[in-house]
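Residue numbers start from 1 in every chain, and the chains themselves are labelled A, B, ... in the order their sequence lines are given, proteins ahead of strands. Because the structure is a prediction, the values reported are computed rather than measured.
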Amino acid sequence: MIGTTVLHQTHFLLPQESPDVNLRLKEQECLTLLRRCMHMEEFRQAHAQILKWGFFSNSFCASNLLATCALPDWGSMDYASSIFQQIEEPGTFEFNTMIKGYAKDFNMEKSLFVYCEMLEKGVHSDNFTFPSLLKACAWLKAIKEGMQIHGHIFKIGLESDLYVQNSLINMYGKCGKIQLSSAVFEQVDLKDVASWSAIIAVHTSFGMWCESLKLFKEMGHDRSCRPEESLYVSMLSACSHLGALDFGRCLHGILLRNISELNLTVQTSLTDMYINCGCIEKGLCLFQRMIKKNKFSYSVMISGLAMHGCSKEALEFFSEMLEEGLEPDDVIYVGVLSACSRAGLVEEGLQCFNRMKFEHGIEPTIQHYCCIVDLMGRAGMLNEALEFIRTMPIDPNDIVWRSLLSACKAHHNLKIGEIATKSSVPLILHNPSDLLILSHMYARAKKWEDSAMVRTELACQHLHQTPGFSLVEVKRKIYRFVSQDMSHRESEDIYEMIHQMEWQLKFEGYSPDTSQILLDVDEEEKRQRLKAHSQKLAIAFALIHASQGIPIRITRNLRMCNDCHTYTKSISKIYTREIIVRDRNYFHHFKDGACSCRDYW
DNA sequence: GTATAGTATC
């Protein structure tokens, strides 16, 4: 036994074996040196040492040198590029490293450029090449290049690689090709959490929120022991848009049960979900418990408070954010300006607008101009608002004119109302509700002929209107109602409930306001139609199913009509129910017969 | 032999 060991050791040290062993040792030494680098200065020293040892000619050492320079956060792609150029025959690993390094630095064009160089030199791509490359295409929305690369993937035979497939799902989604994205997803045999996460994120970004929820259910919970945080961010965003509070709460529960400390992004998404589902206190509580906050958390909170009509608090948080040294962006300013507008803080609003431009160097977008028109309009400064629109450096859109028109309606200024409508004839043609406001204003001024003329115009166009819908969540399921909906299984019960509600409302002195019905039908028909507006159907359905004492939360895509507003106020009183309705940009809290918007919306 | 995708606010 002893003899064998000795023999073996001797054999191991035979002269012909030693160069190879020495080489391995050298390589290991290089690698250890490079792995120890924690910042640029250490890396420079390691680089010098490797040159001194004469190891740069060793391809393994050179590759690792390159990767250490290109990939970490402290790395430098300029430096990496100079190393890359000194490598005589860069191979797949070196090219992959460069592609990934540039993509990591968001230098996506260079990433693609390196790939072209790789193709020219005939260097083979592998499964590591495509994830970063497709990420670059996704970022640049370079669908043509993305599809070409998809072609290369087929040619090489990597179309079944899970990492490549997941990257393709993301790339097609980011390039706006949801069908291609779904097609790739369907072809994935063994879908992992990342595949589901990618396809759900794609649906959420497309505004297909119900589909996101469906996909999540389809995925089931058994596929991952620990929930992927980014998946939950997409899911919470979907819930936030849908007003799906119960679903969102359920996600919150899963997160709490599985993750000991939620990261800032998830915390922000949770806050956003609660606020957009109408639970402002819960959102506030989560926000205040965040140890660290970033501009997104503040953004969610500021816009949220503004949407709920809590302007003072929104502006306080804005000051707090600035004090913390966080740089505001254009989105945050939309929240800030709308808070000023709701609270009638004209001076502050205009100051913020100037501060945004001059102090923070943010170019105002159409949304900011909209806020200012709204700000002036609400305050009754109609001439100033009109002047402001006329001197805006960008073309006003229909929303800007509509803000002015709404203000004219509230302040009974027919003259400027006419200008607001007529200045934008080609645009406004698409939105009959604007013409309706004008016709009301004519009627109020007893200009019957003008009123009739506008209505005739309206009757020709009412088909162009975006179909309105209301969403309501009952027992973690979202129900969607459109006006005159008969498609629900419980339609009969819902209409019976509507009938009962009408009886009760009559005692309260409610009378239907049919003036906003656009159709050319008789008064009785109008009343029938009014009864079955989507919001009313949703309320009836929720009254049948949701437990007493729990607020009814409705999310709708269009602005509420006057009648639905009055109706909901009365219902909140008769049934002693809090009803929270979110429309495109505001929360209406109906309680005891009153609404938080104080009837200006 | 070295590394690999998906992430929120108008």
A:Met301 atom CE is separated from B:dC10 atom P, nearest whole Å, by 13 Å
Ring-face cation contact, A:Tyr172 with A:Lys177, 6.0 Å cut, 45° max = no
Which whole-number value in Å describes the distance from A:Met321 CE to B:dT9 P?
-> 16 Å
Ring centres of A:Phe43 and A:His39 under 6.0 Å apart?
-> no
Measure from OH on A:Tyr333 to C1' on B:dC10 and round the result to the nearest Å.
-> 15 Å
What is the minimum heavy-atom distance between A:Val188 and A:Ser195, and which atoms define it?
-> CG1-OG, 4.3 Å
Donor-acceptor pairs under 3.5 Å, side chain of residues 311-320 of chain A to any protein atom, not counting sequence neighbours: which ones?
{"residue": "A:Ser311", "atom": "OG", "partner": "A:Ala339", "partner atom": "O", "Å": "2.9"}
{"residue": "A:Ser319", "atom": "OG", "partner": "A:Leu315", "partner atom": "O", "Å": "3.2"}
{"residue": "A:Glu320", "atom": "OE2", "partner": "A:Tyr298", "partner atom": "OH", "Å": "2.7"}

Distance, rounded to the nearest Å, where A:Leu236 contributes CG and B:dT9 contributes P | 11 Å
Look at the aromatic rings of A:Phe247 and A:Phe216 and report parallel, tilted or perpendicular, splitting at 30° and 60°.
-> perpendicular
Out of B:dT9, B:dA8, B:dC10, which has the shortest distance to the side chain of A:Asn294?
-> B:dA8
In whole angstrom, what separates A:Ile399's CD1 from B:dC10's C1'?
-> 11 Å
Non-neighbouring partners of A:Phe84 that pass ring-ring contact (aromatic ring centres under 6.0 Å, His included), sequence neighbours left out | A:Phe95
Just checking A:Thr265: base, sugar-phosphate only, or nothing, at a heavy-atom cut-off of under 4.0 Å?
-> base
Which part of the nucleic acid, if any, lies within contact of A:His241, taking any heavy atom under 4.0 Å across all strands shown: a base, the sugar-phosphate backbone alone, or nothing?
-> sugar-phosphate
Nucleotide B:dA8, atom P - distance to CG of A:Asp272 in whole Å | 11 Å
Summarise how protein sits on nucleotides 1-6 of chain B as a single string, 5' to 3': B when a protein heavy atom is under 4.0 Å from the base, S for sugar-phosphate-only contact, - for no contact.
-> BBBBBB
Return a table of donor-acceptor pairs under 3.5 angstrom between the side chains of residues 64-77 of chain A and protein atoms on other chains or two or more places apart.
{"residue": "A:Asn64", "atom": "ND2", "partner": "A:Phe60", "partner atom": "O", "Å": "3.0"}
{"residue": "A:Thr68", "atom": "OG1", "partner": "A:Asn64", "partner atom": "O", "Å": "2.6"}
{"residue": "A:Trp74", "atom": "NE1", "partner": "A:Met38", "partner atom": "O", "Å": "3.2"}
{"residue": "A:Ser76", "atom": "OG", "partner": "A:Asp78", "partner atom": "N", "Å": "3.3"}
{"residue": "A:Ser76", "atom": "OG", "partner": "A:Tyr79", "partner atom": "N", "Å": "3.0"}

note: A:Tyr232, atom OH; B:dT7, atom P; distance rounded to Å ~ 17 Å
Between A:Lys293 and A:Phe287, is NZ or CZ placed under 6.0 angstrom from the six-membered ring centre and within 45° of the ring axis?
-> yes
Using a heavy-atom distance cut-off of less than 4.0 Å, which residues of residues 175-188 of chain A contact DNA chain B?
-> none
Can you name the residues that form a ring-ring contact (aromatic ring centres under 6.0 Å, His included) with A:Tyr586, not counting sequence neighbours?
-> A:His588
Under 4.0 angstrom, heavy atoms only, what part of the nucleic acid is A:Val233 near: base, sugar-phosphate, or nothing?
-> sugar-phosphate
Roughly, in whole Å, what's the span from CG in A:Leu305 to P in B:dC10?
-> 13 Å
